[in-house]
Amino acid sequence: MRTVFKTSYDADINYFRHGAQAAWYMLLLVLALCLPFLMGTFWIGEMTNMLIWAIAGMGLMILVGQTGQASLGHAAFLAIGCYANVLLQEKLGVPFLLSFPLAGVIAGLAGALIAMPMTKLHGIYLAIGTLAISILTDDLIVIAEPLTNGVVGLFAPTIDIFGLQFDRYATPDRFYWLVLFVAVVIILVYRNILRSPLGRAFAAVRDSEVSAQAMGVNVARTKALSFGISTAITGLAGALMGHFAGIFNNETFNIIISIQLLLMIVIGGLGSIHGAFFGAIVVALLPQAIAISRDLVSGFVGGGTVAIPGLESAIFGALLIGFILFEPMGIYGRWLKIRTYFELFPFYRKDMFRRQKSYLKTERMR
């Protein structure tokens, strides 16, 4: 068991709890950097896909996990970031080093503008509103065919940075390192937001809007900023997703992606960076796990490989139901319980993580 004594206010907002934790994360980063030397091309592609999903998950996590605002429309902002990045490169000749951050800025501004009329919506009504945005974006991509090429779609150009080519198929290792770099930068941005007064305002709005307003937090502005930051990060993930896919159209960012993104962070664990990564691992690797298991079963029984339509969605839904019923804190929450058990053994109490059923009076007045 490790006891951490906080002797200053800064100790409460440090990046790491102690030196040992920092060493473990540094070791994890070194391992991530070395993956292209340890894996084949196929699995490097899967790891790249997982990192892109994790970036999108961190974007949605700021809105849902930190600010408590439900969203079923983040596929729209994936599409905005993806199309903005490619159109800036193809139509205006803007290099990737400029088009990529600009795509995030455009997606963030779109999210902030959309948030303004929705700041008074709560719960299911906010979810329905964002769902409508996702559906409208799908239609707008088709209507704006002269710009977006409609249902035919667009090709993402090869990324060129100072003469160095980054392509999923030609140079998968370079593309993986680029996505890893972006993921690390987003993690640092996320952590600094949580350490700032804005991050505390997000948490206050999430816990109780009435109490946050009583403490002087501008709830409407805080929600708009949360939407803007969330959609900006999601737009960056969309830009990378376009380069990963190579070709994309309106169906690439359909409503299923929005639902899958929300379910991903719920399974991973709401309110933490770890939850975004754990959920991304499930989303990225679940199809491959199903395919490998199907091949093993077919080889064992001696029959041919049979594809079952909807199997992936059914398993994903079963996982979600299982976590909601037995582990509402997600995969990361389960890990916290296991770690706490060994840290406090033999003084660990069974009901330590029991969900509190009493609410503040202000919560009932919402």
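- Within the 4.5 Å cutoff, the side chain of Ile62 has heavy atoms near those of the Ile233 side chain.
- In the hydrophobic clustering of this structure, Ile187 groups with Val182; members are Ile, Leu, Val, Met, Phe, Trp, Tyr whose side-chain heavy atoms approach within less than 4.5 Å, directly or through other members.
- Between Phe166 and Ile161, the closest side-chain pair of non-hydrogen atoms falls below 4.5 Å.
- To the nearest 0.5 Å, atom OH of residue Tyr176 and atom CG of residue Leu180 are 5.0 Å apart.
- One N or O on the side chain of Thr222 and one on the backbone of Asn218 form a donor-acceptor pair closer than 3.5 Å.
- Here the side chain of Thr171 pairs no donor or acceptor atom with the backbone of Arg174 at under 3.5 angstrom.
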Quiz item: Should Tyr332 and Leu336 be marked as a side chain to side chain contact (heavy atoms under 4.5 Å, CB included) after you check the CA-CA gap, both sets of side-chain angles, and the distance that decides it?
Solution: CA-CA 6 Å; Tyr332 183 59; Leu336 287 179; 3.7 Å; yes
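- Both Phe181 and Ile186 belong to a common hydrophobic cluster when Ile, Leu, Val, Met, Phe, Trp and Tyr are linked at side-chain heavy-atom distances under 4.5 angstrom.
- Taking each heavy atom of Thr231 and Gly111 in turn, the nearest pair found is OG1-CA, 3.4 Å.
- Here Asn254 contributes atom CG and Leu78 contributes atom CG; the two are 11.0 Å apart, rounded to the nearest 0.5 Å.
- Within a 6.0 Å radius of CD in Glu251, other residues, nucleotides and ligands contribute 12 heavy atoms or fewer.
- A distance of 14.5 Å separates CG of Leu178 from CZ of Arg168, quoted to the nearest 0.5 Å.
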Exercise. Test Leu51 against Phe277 for side chain to side chain contact (heavy atoms under 4.5 Å, CB included), laying out the working first.
Key: CA-CA 8 Å; Leu51 287 174; Phe277 276 87; 3.9 Å; yes
Quiz prompt | Test side chain to side chain contact (heavy atoms under 4.5 Å, CB included) applied to Trp335 and Met329, step by step | solution = CA-CA 10 Å; Trp335 158 245; Met329 296 176 66; over 6 Å; no
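- In this structure, Trp177 has its ring center closer than 6.0 angstrom to the ring center of Phe37.
- In this structure the side chain of Arg200 never reaches within 4.5 angstrom of the side chain of Arg195, judged on heavy atoms.
- Annotation: His243 is in aromatic contact with Phe96 [ring centroid separation under 6.0 Å].
- Within 6.0 Å of CZ on Phe326 lie no more than 12 heavy atoms contributed by other residues, nucleotides or ligands.
- In this model, a donor atom of one side chain and an acceptor atom of the other lie less than 3.5 Å apart for Ser230 and His74.
- Scanning for side-chain contact (heavy atoms from CB on, under 4.5 Å) contacts around Leu136 gives an empty result, with sequence neighbours left out.
- Taking the six-membered ring wherever Trp is involved, the centroid distance between the rings of Phe248 and Phe155 does not fall below 6.0 Å.
- Criterion: ILVMFWY side-chain heavy atoms under 4.5 Å apart, direct or through other members. Under it, Leu140 and Leu131 are not part of a common hydrophobic cluster.
- Hydrophobic clustering (side-chain heavy atoms under 4.5 Å, transitive across Ile, Leu, Val, Met, Phe, Trp, Tyr) keeps Val189 apart from Leu109.
- Between the side chain of Asn249 and the main chain of Gly153, no donor-acceptor pair closer than 3.5 Å is present.
- One finds the CE atom of Met47 at 5.0 Å from the CE atom of Met39 (value rounded to the nearest 0.5 Å).
- Atom CD1 of Ile128 is separated from atom CG of Leu72 by 9.0 Å, given to the nearest 0.5 angstrom.
- In terms of heavy atoms, Ala75 sits closest to Ser134 at CB-OG, 4.1 Å.
- Checked by atom type and distance alone, the side chain of Asn149 never pairs as donor or acceptor with a backbone atom of Glu145 at under 3.5 Å.
- No donor-acceptor pair under 3.5 Å is formed between the side chain of Ser226 and the backbone N or O of Thr67.
- Side-chain contact check for Asn85 and Gln89: at least one donor-acceptor pair (N or O, by modelled atom type) lies under 3.5 Å.
- Val105 and Ile114 end up in different hydrophobic clusters when Ile, Leu, Val, Met, Phe, Trp and Tyr side chains are linked at under 4.5 Å.
- In this structure, the side chains of Tyr190 and Met61 come closer than 4.5 Å at one or more pairs of heavy atoms.
- Residues Tyr83 and Asn250 come closest through the heavy atom pair OH-N, 3.6 Å.
- Counting heavy atoms from C-beta on, the side chains of Leu97 and Phe162 come closer than 4.5 Å.
- With contacts defined as side-chain heavy-atom distances shorter than 4.5 Å, the pair Leu262/Ser71 does not qualify.
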Practice problem: Start with the C-alpha distance between Arg206 and Gln66, add both sets of side-chain angles, then the distance that settles side chain to side chain contact (heavy atoms under 4.5 Å, CB included), and finish with yes or no. | Solution: CA-CA 7 Å; Arg206 176 193 63 197; Gln66 305 302 334; 3.8 Å; yes
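- In this structure, CG in Asp167 is found 11.5 Å from CG in Asp160, a value given to the nearest 0.5 Å.
- Contact of the Phe202 side chain with the Leu198 side chain is registered, since non-hydrogen atoms from C-beta on lie closer than 4.5 Å.
- Residues Ala239 and Ala103 share a closest heavy-atom pair of CB-CB, 4.5 Å.
- Phe253 is not listed as a side-chain neighbour of Asp138, based on a closest heavy-atom distance of 4.5 Å or more.
- A 6.0 Å sphere centred on CD of Gln213 holds no more than 12 heavy atoms belonging to other residues, nucleotides or ligands.
- The shortest non-hydrogen separation linking Pro172 to Thr41 is CG-CG2, 3.8 Å.
- Taking both residues in full, the closest heavy atoms of Ala201 and Val217 are given as CB-CG1, 4.1 Å, listed atom of the first, atom of the second, then distance.
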